[in-house]
Asks: 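What follows is a structure written as structure tokens; I'll ask about it next.
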Amino acid sequence: MVEKDLKKQGISRHDLVKEKFLEKIWEWKEKYGSRITHQIRRLGASCDWDKERFTMDEGLSKAVREAFVRLYEKGLIYRGPRMINWSPALRTAVSDLEVEYSEEPGFLYYFKYMLADLPGEFIPVATTRPETILGDTAVAVHPEDERYHKYVGKDVLVPILGRRIPVIADEYVDRAFGTGALKITPAHDPNDYTIGQNHNLEMINILNKDASINENGAQYAGMDRIECRKKLWEDMRAVDLVIKEQPYTLNVPRSQRGGEIVEPMISTQWFVKIQPLADRALASVKEGRTKIVPERFTKVYYNWLENIRDWCISRQLWWGHRIPVWYCDDCNAIIVSREDPTECSKCHSHNIHQDEDVLDTWFSSGLWPFSTLGWPEQTPELKYFYPTAVMETGADILFFWVARMMMFGLEFTDVEPFHTVYLHGLILDEKGQKMSKTKGNVVDPLVVMDDFGTDALRFTLLVGSTPGNDTNLSIKKVEANRNFANKIWNACRFVISNLEKAPQSAQVKPEWTLADSWIWARLKTLLNDSERLFENYQYGEAGRQIYEFFWSEFADWYIEIAKLQLAEGGDRDLLHCKYPGSRHGCLPAPAAPLHPLCNRGTLAGPQKDCPRDRFQTL
RNA sequence: GGGCGGUUAGCUCAGUUGGUUAGAGCGUUGCGUUGACAUCGCAAAGGUCGUAGGUUCGAGUCCUAUAUCGCCCA
């Protein structure tokens, strides 16, 4: 976000010195961080605000280091060249999860791979990214493909560059797709990378960090990849290597943050060997120690963990937790340490420097349930608050966050961080589009609360949807619920004012009328039902039933009847909280289950007009 | 390619062990109300619950197929 703001002013992060840039980020954090907490407070969240934590806090940094070092010592963190997703604009690696794919129109380019030693003969090959030809190190065909069988083991020539590369046979090749022959660019395509490893192919990186062509691209060096695609294709056409272009729908990988095209590249990065962690996280849900609500998400969770790949945790950014690794400039030792070292642990040289990279933000977030409580110290807070009970979060970060908390929780504490994960859907804008800082279509809850009140918004958000399903935020709905909040308020006023008029001390328990008995029975049923629904995480249904009861039965009927009863005079138990020993109170009763749904009306409102104890009869 | 979700009243959506005339909000129509509430009340119109089969005494709810929209993963 900060980089975007700067971009509007024509500044890139790389134009600023690092300190200046970090300063800007802290400014942003102060501004928006406080706005977010302000929103949450206004929504009436009952939090212990003294325990607020921020990812970059001192205590969390300590936990991050501890976690990194432990994983490293256990052999679960390693550094090495691997296929990663490279974001050219941000100039950093991003994880698989941060890449989104979009279908876009493009072309399938057909061209000739000339046989090196058989003049005039060629293998036709199709590709969607011609510029990657510069990094080709093989052509693959299916082992049983009769068309190309005779060429396996021979060499072909890379167009323009003239490098000799082998023709190999691999069952991965789909005979029906394109020409049935596949060019292999192990350094710039994940599938080719796998094939390249299996066949011990050379990997030729052809891209610089800004996705321009590097020196391996010979005369194309320095061109942007898209420009190179055009130029190379023209040059190939000039020497009769082009067969045809065919319109084709591409699946383009784009960065979730910036939106620009992500390039698969070989790069040296830090990774977490994730399999052992994933196995435990998987087992605890399978064996029921942690439950996911709604249940259908367990399948999604399984599927992800069962097919997980090592997690690339290093980012070439300036903001974040620095990787706690130092390199010795004299003996090349790698020092991984909880404390900043001053000398090389091997040769005691003082010529050491820290790894420039920072950690993926989700690395620290994954430690959240215990890093915020002082871990690795066995603090009283940690003992009391860990593990917690219910983790409530958006379904969209099941992988990013929930799965990582599960994995890290089990790895570092041997206990699941929570017994239940409740996933809500997304609050979408009126058109059903995801709200995001990037898109700028965010509806500020503060504005909605100014217009309709906190309770109206709370009630709408909690009641207006069904677990795990997305909700379009409709102002009409907020308006309707504002009317409900108003109804509660007025009903409360009526009851309270009549309580004040009632005899101060009724001596005998008054006779119940039919209406009294009816509303009491209904209330008991409602309380049972709503409690059951709350326990089953069906907040929406609970809210609807309470709404229905309060408005259609309590307000429309009981209060109307009560008016008649009051007019007759005498003691009426349900409106007489003051009767000694009475635990009945029809107003507070429906207010109790309403409290989590709209706590301004049920707490702040009545409290103002009426002593608190009247609302504690349940 | 695999998986998940939606498809219910004019609009936006509820409806979780299958059970009497399928619900709400908004909108529409009519009537009413000067004491909790006009940010209101009462009433009405409006639905073959995507389609086609199946299971069952009974299906919006379960099964199979299919259409269509959306999301996730590869």
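Chain letters run A, B, ... following the sequence lines, proteins first and then strands; every chain starts at 1.
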Asks: With rounding to the closest Å, how many angstrom separate the C1' atoms on B:A65 and B:G23?
Replies: 30 Å
Asks: Do any pairs count as a salt bridge (Lys or Arg N to Asp or Glu O under 4.0 Å) and have a residue in residues 178-187 of chain A, sequence neighbours left out, and if so which ones?
Replies: A:D136-A:K183
Asks: Rounded to whole Å, how long is the line connecting atom OH of A:Y101 with atom C1' of B:A74?
Replies: 8 Å
Asks: Quantified in whole Å, what is the C1' atom distance between nucleotide B:U61 and nucleotide B:U16?
Replies: 9 Å
Asks: Restricting to pairs with a member in residues 526-542 of chain A, which pass salt bridge (Lys or Arg N to Asp or Glu O under 4.0 Å), not counting sequence neighbours?
Replies: A:E541-A:R544
Asks: When every nucleotide of nucleotides 13-26 of chain B is labelled 5' to 3' by its protein contacts under 4.0 Å (heavy atoms), B for base, S for sugar-phosphate only, - for none, what sequence of letters results?
Replies: SSSB--------SS
Asks: For A:P294, what residues pass the side chain to side chain contact (heavy atoms under 4.5 Å, CB included) criterion, not counting sequence neighbours?
Replies: A:R296, A:F297, A:L423, A:P467
Asks: Quick one: list whatever passes side chain to side chain contact (heavy atoms under 4.5 Å, CB included) with A:R280, sequence neighbours left out.
Replies: A:L410, A:E411, A:D414
Asks: Can you check the A:N490 CG to B:G41 P distance for me, whole Å?
Replies: 11 Å
Asks: Write down the distance between CD1 (A:I475) and P (B:U12), rounded to a whole number of angstrom.
Replies: 16 Å
Asks: Which base, if any, makes a Watson-Crick or G-U wobble pair with B:U17, both distances under 3.5 Å?
Replies: none
Asks: Expressed in whole Å, how much space separates the P atoms belonging to B:C40 and B:U7?
Replies: 29 Å
Asks: Given atom CG of A:D556 and atom P of B:C40, what is their separation to the nearest angstrom?
Replies: 12 Å
Asks: Around atom CD of A:E306, are there more than 12 heavy atoms of other residues, nucleotides or ligands at under 6.0 Å?
Replies: yes
Asks: Rounded to the Å, how far apart are A:E295 CD and B:C4 P?
Replies: 13 Å
Asks: Both distances under 3.5 Å, Watson-Crick or G-U wobble: report the partner of B:C42, or none.
Replies: B:G30
Asks: Got a sec, which residues hit side chain to side chain contact (heavy atoms under 4.5 Å, CB included) with A:V94, two or more places apart in sequence or on another chain?
Replies: A:N85, A:S87, A:T92, A:E98, A:V99
Asks: Considering heavy-atom distances to RNA chain B, does A:I559 or A:V99 have its closest nucleotide positioned more toward the 5' end?
Replies: A:I559
Asks: Starting at atom CG of A:N307, determine the distance to atom C1' of B:G1, rounded to an integer number of angstrom.
Replies: 13 Å
